[in-house]
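These notes concern the structure reproduced below.
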Amino acid sequence: MSFLELSNITKRFGTFEALRGISLSIERGSFVSLLGPSGCGKTTLLRIIAGLETPNGGSVVIDGSDVTRLPPEARKLAMMFQSYALLPHMTVLDNVRFPLRMQGSSSTADQRQRAHEALALVKLDHLADSRPRQLSGGQQQRVALARAIVYQPRVLLLDEPLSNLDARLREDMQIELQDLHHRLGLTTIFVTHDQEEALSLSDRVVLMRDGAVERDAPADEIYDDPGTPFAADFLGAANVLKVLVEPSGVRLSNGQMLTIGQAPKNGEALLILRQEDLSLGEGTLSLDGIVEARVFMGTRVRYVVRVGDDTIRVLTDRDQSAQPGDRITVGFSPERARWAR
Amino acid sequence: MPHSLRPAERGAGAFGESILLIGPGAALLIGAFLFPVGQILVLSIVPPEEGLSIWTNFARFFEDDYYLRVAWRTFRLSVIITLVTAMIGFPLAYVVARTPRVVGYTLLLLTVLPLMTSVVVRTFGWIIALGRGGPVADLLSLAGLGARDATLLHTETGIVIAMVQVLLPFMTLTTLGVISTIHPHLEEASRTMGAGFYRTLRHVVLPLSVPGLVSGSLLVFALSISSFVTPNLVGGVRLPVMAGAIYQQATSTLDWNFAAAQSTLLLAAVLGLLIPYLALTRRRHG
């Protein structure tokens, strides 16, 4: 049995089914992302693990003991909220000390010592006597992180902790989170709607959709082979083409025939092509299309190309250039093609 | 200094418009409050006989045991009433803020509903409920806390019970205003950090509710120290409070100057509480 076992968790809010039977096994020390669009149930699942919501069915087992009916204060987990949830009437140090104080395991001096150590870990020891509202968003966030790790929780739950930060700070925090994870080895569950964040931070990505697990795989695997049209679209906005598999090859909506190995059985199928695997000009395989739009993005350029009934997006280097209205060829190599299951 | 730029930014006619908007309120305040209060202040320093000191009326108050006892009773009851309303009002406001809307609003409606009826009607209700053979006295005797024909009428306990009911909405509404601004995430975070429900209430919700509890307490204290109808009807003649004594003085003995002196003392007591509070909150916000 894994360290954290969720079996067949269901949750309803009135008539809305938020979770429809989620089962997950999470190993000790791993970093798992719950990824999905808003309303997919990822935050509800995190709150059920924390004990802030009671599931309608299923069980939560941590380290061999069933905690499904335990209140949050008895679970020895830490949760970091999107709003940081720092207590405004306490100093930074007292905020970080709060969990130690509530659990009352050691002397006040020892609690203060440990709180200082946790603050030092996020490089904020010099602000120990400030009030939360005197800090910047990024600093508040690190205080929340220090408070979450100060008591060696069994599981660290992070609810979209980076979404209120600006782009630059978010990158810094991602690195810091990873670094902290390597140093402390805490079992971490990270909720996000940002696929890039999920892929860059976690060992494993659990993609959720409408209260169910759509795909559950290591980050690189789920990126290389999304498996479902939803996953392909959500993870890096890949192109999904509806094609007809015939004995002689794969027919596109514009009538073009392609020869792709490992095609599924004859009939309708969904072909997944990542934007960055395509380029303008002839390739091993080529698609004929018309440029609809050109989006300049700094280091790269995205082209929107119409191919028959489908619109595909191509992410290329800056040196390739075409203008809207141009007839062009989009090339790719067959081993980059993936099929939806 | 962005502040000094403000009036100019609002345009030339703004000053005149402000005067117009503030006019009716100011007129009412000056005509119906400041003027009568000023008159009371003047009356209070007019001595009963010519040639005596302007403090004569006040001296009479402090020299007479009877009036000091009335003042002490009024003060003591007001403190008890304030504490009891805070102890009932805080949990009630918390429940209203944190339960689903329908439940919360129903509770709130039930709390505020008595405000829609006359205080006289409510007090007569309490006279029946607290009196001999009434439900409250019956309950107390059932619980073994009083004789079978016990009555809470004409007791200080009776005054407190009736006053708490009258003033509870003020405490609940003021505290509710503050509690609803406390983000539920703070309580949830506290729970995940190992504090149970009651410890979260004690260490997170209560300290953050202090501003609401303080302003609610001031409101309730000011209202109860100057209340007249309920203590008079429930307490009766044996337990006069200051407002009742002033009323007696002004209507029965027609000693307006002494009544004015007592009113001035009452006003001073309320201001003595309000002014430090206002100064304190200004410093906190500034």
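Chain identifiers are assigned alphabetically (A, B, ...) following the order of the sequence lines, protein sequences preceding nucleic acid strands; residue numbering begins at 1 within each chain.
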**OP:** Pick one of side chain, backbone, both or neither for B/R191, based on which atoms fall under 4.5 Å of a heavy atom in chain A.
**Re:** both

**OP:** Examine whether an atom of A/R47 lies under 4.5 Å from a heavy atom of chain B, and if so say whether it belongs to the side chain, the backbone or both; otherwise answer neither.
**Re:** side chain

Original post:
If you draw a 6.0 Å radius around CD1 in B/I22, do more than 12 non-hydrogen atoms from other residues or ligands fall strictly inside?
Top reply: no

Original post:
Do the rings of B/H185 and A/F81 sit parallel, tilted or perpendicular, given the 30° and 60° boundaries?
Top reply: tilted

Subject >> Minimal non-hydrogen separation, A/L86 against B/L186, with atom names >> reply: O-CD2, 3.2 Å

Subject >> Residue A/R112 excluded, over 12 heavy atoms near CZ under 6.0 Å >> reply: no

Subject >> Within 6.0 Å of OH in B/Y105, more than 12 heavy atoms from elsewhere >> reply: no

Subject >> Over 12 foreign heavy atoms within 6.0 Å of CZ, B/R202 >> reply: no

Original post:
Does a sphere of radius 6.0 Å around CZ in B/R101 hold more than 12 heavy atoms from other residues, nucleotides or ligands, not counting ones at 6.0 Å or beyond?
Top reply: no

Subject >> Per-residue contact mode, A/L100 against chain B (heavy atom under 4.5 angstrom) >> reply: neither

Original post:
What part of A/M90 is in contact with chain B, defined as an atom under 4.5 angstrom from a non-hydrogen atom: side chain, backbone, both or neither?
Top reply: side chain

Subject >> Value rounded to 0.5 Å, distance of NE2 in B/H203 from NE2 in A/H89 >> reply: 9.0 Å

Original post:
With B/P135, which residues qualify under side-chain contact (heavy atoms from CB on, under 4.5 Å), at least two apart?
Top reply: B/A129

**OP:** Can you establish whether the number of heavy atoms outside A/F3 located under 6.0 Å from its atom CZ is more than 12?
**Re:** yes

Original post:
If you round to the nearest 0.5 Å, how far is CE of B/M193 from CD of A/Q103?
Top reply: 9.5 Å

**OP:** Find the one option among B/P207, B/S190, B/P184, B/A195 whose heavy-atom pairs under 4.5 Å with chain A are most numerous.
**Re:** B/A195

Original post:
Under 4.5 Å, heavy atom to heavy atom, which residues of residues 134-163 of chain A contact chain B?
Top reply: A/R147, A/Y151

Original post:
By a 4.5 Å heavy-atom criterion (distance strictly below it), what part of B/T200 contacts chain A: side chain, backbone, both, or neither?
Top reply: neither

Subject >> Pairwise distance OG1(B/T192) to CG(A/L77) - rounded to 0.5 angstrom >> reply: 8.0 Å

